[in-house]
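Take a look at the structure set out below.
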Amino acid sequence: MGNSKLYKGSLNTIILKLLDENGKMYGYEITQKVKALSGGDLNITEGALYPALHKLEAEGLLEVEVAKVDNRLRKYYKLTESGEKETVNRLAELEDFIRSMQKLVNPNWSID
Amino acid sequence: MKELKPEQIEHLFAFTRKHFVEYYDLQLELVDHLASGIQAQWETDPELPFEKALQAEFKKFGVFGFADVIGKRQKAMNKRYWGIIWKFVREWFIPFKLFLTVLLFVLFYQLLSSDYGELFFEITAILIVALTLGGFFYNYRKFKRQGGGKRKKWMLEEIIFNTGGFVSYSILPVQIFHFLANDNTALFANSWSLGLASFTLVILLLLAYIIFLHIPKRAEELLMETYPEYKLSKMM
């Protein structure tokens with residue numbers, strides 16, 4: 001279930017939502033957060049996370065900040081202004097999609 | 001919390017290089033990821049050997065290791081590079097520069113509609129190829145002289161000095177010319193084909209200027225804009 005295509009299609013939206021809630025986050029932190037929130041159901045792999053982050057960054061939805069942590073550099077991702085707007089749009093799209101799917105899967109039959 | 005020692009961080013950099021991660025910007029991110037994962041494992045099992053913890057963390061990237069991350073990063077960075085080109089193309093649309101561009105377009109249009117139009121088109125198209133080849137080798141040598149390839153590698157820097165593979169696009173007008181020249185009808189018989197040919201030449205010249213001169217000149221500035229770690233890594 002964790003690797004289903006349904007989840008993969010929503011990965012970008014999930015990342016945007018997490019960053020919207022938490023401000024700035026780094027890659028490892030995002031994977032752990034997604035795993036914790038989904039109770040392990042949504043096992044977002046490292047191989048899928050970074051390409052998604054880099055794509056969102058290239059699209060101008062995320063920006064990067066770097067800080068020295070312990071004895072290494074760490075890249076933090078945060079939403080840009082257009083990223084904040086896009087998060088609202090994509091969440092609305094996702095909610096619409098969920099509503100439509102619920103109607104399809106569980107139609108409310110009536111004889112009226 | 002148990003932290004990684006500097007030599008273990010160095011080992012992680014070597015590990016990413018061994019797994020074909022050439023670019024420092026990506027190495028940096030993956031090293032932090034692996035290090036965070038190893039430290040998390042040490043929280044539950046402080047006695048776990050470093051190498052064993054590293055292998056467990058690397059396994060999470062799947063059977064292809066870092067390959068997918070590298071490939072998609074390249075794709076995302078190319079997209080970003082074209083975004084930079086587009087930004088500079090847009091800057092060109094201010095009155096004075098736009099006037100120059102329109103003037104050039106009119107000049108090409110007039111020359112192409114003359115009796116020697118086809119010859120002029122072919123010569124210009126070949127000149128563009130020669131210019132782009134020259135521009136490519138000039139930038140490549142400049143990159144090597146600056147120590148490119150030997151010091152830390154940055155993906156965007158390499159794309160900038162490899163001039164984004166533009167040389168292959170610059171051959172397009174020559175190919176179009178030879179494709180159309182097989183036809184017996186005159187190449188620039190109407191104002192549409194004349195306009196299109198003039199427009200193509202102007203756009204190619206503008207792109208060549210941006211890609212071969214404008215962007216490489218601003219490479220340092222663009223790298224700092226793209227990679228906040230660029231400045232920091234120079235100080236470390």
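None of the values given here were measured: they were computed from a predicted structure. Computation of the quantities below employed the complete heavy-atom set of this structure, encompassing side-chain atoms and omitting hydrogens, waters and symmetry-equivalent molecules. Labels below follow one simple rule: chain letters A, B, ... track the order of the sequence lines, proteins then strands, and each chain is numbered from 1.
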Legend entry - Per-residue contact mode, B:Ala35 against chain A (heavy atom under 4.5 angstrom): both
Inset, instruction - Inspect the surroundings of NZ in B:Lys52 and state if more than 12 heavy atoms from other residues, nucleotides or ligands are less than 6.0 Å away. - result: no
Inset, instruction - Heavy atoms only, distances under 4.5 angstrom: which of B:Glu57, B:Lys60, B:Lys79 has the most pairs with chain A? Name it, please. - result: B:Lys60
Inset, instruction - Identify whether the distance between the nearest side-chain nitrogen and carboxylate oxygen of B:Arg73 and A:Glu57 falls below 4.0 Å. - result: yes
Inset, instruction - Check B:Leu12, B:Leu28, B:Ile9 against A:Arg72 for a side chain to side chain contact (heavy atoms under 4.5 Å, CB included) and give me the one that passes. - result: B:Ile9
Inset, instruction - Sort out for me which of A:Gly47, A:Ala58, A:Gly27 touches chain B most, counting heavy-atom pairs under 4.5 Å. - result: A:Gly47
Legend entry - Segment of B:Lys5 engaging chain A (4.5 angstrom heavy-atom cut-off): backbone
Inset, instruction - Please round to the nearest 0.5 Å and tell me the distance separating atom CD of B:Glu29 and atom NE2 of A:His54. - result: 4.0 Å
Inset, instruction - Flag yes if more than 12 heavy atoms outside A:Glu81 fall under 6.0 Å of its CD atom; otherwise flag no. - result: no
Legend entry - From A:Glu46 atom CD to B:Phe66 atom CZ, the distance as rounded to the nearest 0.5 Å: 10.0 Å
Inset, instruction - Look at B:Ala67, B:Pro228, B:Gly83, B:Ala76 and state which one has the largest set of heavy-atom pairs under 4.5 Å with chain A. - result: B:Pro228
Legend entry - B:Phe88 atom CZ, over 12 foreign heavy atoms within 6.0 Å: yes
Inset, instruction - Step through the shown structure and confirm whether more than 12 heavy atoms of other residues, nucleotides or ligands are within 6.0 Å of CZ on B:Arg17. - result: yes
Inset, instruction - Would you check if the side chain of A:Asn71 reaches a backbone N or O of B:Leu4 as a donor-acceptor pair within less than 3.5 Å? - result: yes
Legend entry - Winner by heavy-atom pair count (cut-off under 4.5 Å) against chain A, out of B:Gly65, B:Gly62, B:Pro6, B:Gly37: B:Gly37
Legend entry - Euclidean distance, B:Glu229 CD relative to A:Leu73 CG, rounded to 0.5 Å: 7.5 Å
Inset, instruction - Measure the spacing between OG of B:Ser36 and CZ of A:Arg74 and express it to the nearest 0.5 Å. - result: 4.0 Å
Legend entry - Aromatic ring pairing A:Tyr28/B:His33, orientation class (parallel under 30°, perpendicular over 60°, tilted between): perpendicular
Inset, instruction - Check each atom of B:Leu26 against the heavy atoms of chain A and say whether the ones under 4.5 Å are side chain, backbone, both or neither. - result: side chain
